Number of protein chains: 2
Amino acid sequence: MTATERVYAHIRDQILAGTLRPGARLGEAGIAADLGVSRTPVREALRKLSADGYTDLRPHAGAAVRLWDPAEVRSSFAIRADIEGQAAARTAQTITTGQLAGLEQLCARMEAPGAVAQRSELNRELHQTILRISGLVHAERIAMQLADIALLTLTFHSFSNAQAERSDSDHRMLLMAFRIRDADYAQAVMRTHILTAAAVLDDVSRSRG
Amino acid sequence: MTATERVYAHIRDQILAGTLRPGARLGEAGIAADLGVSRTPVREALRKLSADGYTDLRPHAGAAVRLWDPAEVRSSFAIRADIEGQAAARTAQTITTGQLAGLEQLCARMEAPGAVAQRSELNRELHQTILRISGLVHAERIAMQLADIALLTLTFHSFSNAQAERSDSDHRMLLMAFRIRDADYAQAVMRTHILTAAAVLDDVSRSRG
DNA sequence: TCCTCCCCAGTTGCATACAAATATCGCGCC
DNA sequence: GGCGCGATATTTGTATGCAACTGGGGAGGA
């Protein structure tokens with residue numbers, strides 16, 4: 001693994017974990033010193049982070065963790081609902097028994113009692129797997145990128161058990177749709193699943209100010 | 001403007017123009033010599049090109065113009081139909097008289113007799129404007145990225161006058177939908193407009209082998 | 001003849017040094 | 001005391017040199 005990749009992963013993880021808050025400035029020299037590399041790989045990593053939407057990068061002014069305004073976050077859910085909805089429909093049409101078994105297993109791991117810490121990771125994997133099976137090559141890249149944007153906001157909220165259970169239930173409905181190869185149903189469930197997440201987030205944000 | 005930006009624009013334009021064919025290798029030293037800069041800005045430009053999907057970049061193995069397989073191109077149209085369809089619906093709901101006039105003007109310029117060379121550019125601008133008005137912040141970035149992918153393929157085909165006229169007619173229908181603020185109609189027209197482009201491309205490709 | 005391994009040319013990855021641009025702080029002026 | 005301006009310090013942008021890795025060609029063996 002190259003130094004550039006290490007730097008990229010390091011900063012991205014810190015952003016997603018919330019250690020680096022939106023607006024935080026990312027000085028090249030500081031990061032280079034922290035990770036024990038020169039500024040060159042740091043610069044390359046910052047450019048990729050910017051291209052992937054994690055940071056803002058202005059010429060001669062440096063990089064800063066990107067600040068997403070609520071409207072942008074909402075719009076990311078709206079687009080994901082479209083893309084992942086279509087992907088779910090295609091997946092329902094083409095999924096194999098083996099792939100279905102893999103998804104069942106993912107769901108089971110997510111529903112296990114002690115899996116709270118891994119929920120986010122497993123959820124990500126579930127959605128990514130469905131996108132991959134759909135065969136919509138770009139959908140996977142785009143939807144996962146948008147999902148990360150949502151994650152940046154979600155990091156600062158905690159959700160109730162009831163919401164986790166509802167989400168698990170959505171996933172089970174989705175697998176049922178795949179099992180009976182009902183594309184319309186799969187699409188509807190996926191759209192609802194994602195738009196519900198958006199609505200819950202909106203609801204929580206409003207009530208907290 | 002920085003050297004990195006100049007290099008990025010130079011290579012991207014060559015790729016979109018078809019001068020650099022898919023699969024062509026992009027050696028850092030050669031590009032640097034051609035443009036009279038050092039390898040550093042070239043490397044940064046290549047990384048951004050890769051992040052934006054124009055090139056493949058493998059560690060220690062260099063960059064090459066990305067080769068899109070037909071399934072990927074088709075999937076890019078499918079996703080654009082979703083995203084731009086939704087954007088058109090929202091635009092119909094929120095567009096102002098002034099914005100509508102701007103779109104009318106764009107259409108008129110596209111339909112002018114001598115505008116063949118600028119059609120692609122104006123078409124791009126029209127779609128981009130609609131995406132921007134929709135307020136779906138991510139939709140603009142994603143859809144335009146996907147549109148460029150299609151452009152890479154379209155570069156090597158030429159289309160008939162009949163197809164250009166049909167496309168113009170689609171745009172007029174879209175503006176009518178905006179004028180009467182019919183979101184459903186706008187969405188349907190936009191979906192059809194994009195999926196027709198996909199179908200035509202598919203049809204032409206098949207008949208030519 | 002074909003396959004495998006190794007070596008070498010060529011390319012990419014990283015570090016360092018220097019140039020250019022920007023932001024900050026202090027000073028003088030209003 | 002507040003505001004504008006300029007020198008300085010900090011940060012980013014670019015060039016260059018060296019180290020590390022990849023891919024191909026040739027020698028050796030099966």
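Just so it is clear, the model here is predicted, and its values are computed rather than measured. Proteins get letters first, then strands, A, B, ... in listed order; numbering begins at 1 in each. Note: hydrogens, waters and symmetry copies are ignored here, and every other heavy atom, side chains too, is used.
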- Query: Within less than 4.0 Å of OP1 or OP2 of dA21(C), is there a side-chain N or O belonging to R58(A)?
  - Reply: no
- Is T40(A) touching bases, backbone alone, or none of the nucleic acid, heavy atoms closer than 4.0 Å? base
- dT22(D) P sits how many Å from M1(A) CE, rounded? 14 Å
- Task: Among R66(A), R124(A), R12(A), R80(A), find the one that has a salt bridge (charged side-chain N to carboxylate O under 4.0 Å, His left out) with D148(A).
- Result: R124(A)
- Task: Please tell me if the side chains of N123(A) and H171(A) come closer than 4.5 Å, counting only heavy atoms from C-beta onward.
- Result: yes
- Identify, between A29(B) and A61(A), the residue whose nearest nucleotide on DNA chain C lies closer to the 5' end. A29(B)
- Query: Distance check: side-chain N/O of T2(A) vs OP1/OP2 of dT12(C), anything under 4.0 Å?
  - Reply: no
- Message: When you measure from the side chain of D69(A) to the backbone of A71(A), do you find a donor-acceptor pair of N or O atoms at a distance under 3.5 Å?
- Response: yes
- With nearest nucleotides of DNA chain C determined for T4(A) and P59(A) from heavy-atom distances, which residue corresponds to the more 5′ nucleotide? T4(A)
- Taking dA15(C), dG13(C), dT14(D) as options, the one with an atom nearest any side-chain atom of R47(B) is dG13(C)
- Nucleotide dG17(D), atom P - distance to CD of E28(B) in whole Å: 17 Å
- Nearest-Å distance for atom pair CZ/P, residues R43(A) and dA15(D): 11 Å
- Return the value, rounded to whole Å, for the distance between atom NE2 of H60(A) and atom C1' of dT11(D). 11 Å
- Message: For T4(A), run the side-chain hydrogen bond (donor to acceptor under 3.5 Å, both in side chains) check against E44(A), R43(A), K48(A) and tell me which one passes.
- Response: E44(A)
- Query: Out of dA15(D), dC14(C), dG13(D), which nucleotide sits closest to the side chain of P41(B)?
  - Reply: dA15(D)
- When rounded to whole Å, the CZ to P distance for the pair R39(A) and dG13(D) reads 8 Å
- Item | Length of the CG-C1' vector between D56(A) and dT12(D), whole Å | 16 Å
- Message: Donor-acceptor check, side chain of E121(B) to backbone of Q118(B), threshold 3.5 angstrom: yes or no?
- Response: no
- How close or far is atom P of dG23(D) from atom CZ of R25(B), stated in whole angstroms? 8 Å
- Message: Students often get this wrong, so: under 4.0 angstrom with heavy atoms, is L57(B) touching a base, only sugar-phosphate, or nothing?
- Response: nothing
- What integer distance in Å separates I31(B):CD1 from dT12(C):C1'? 13 Å
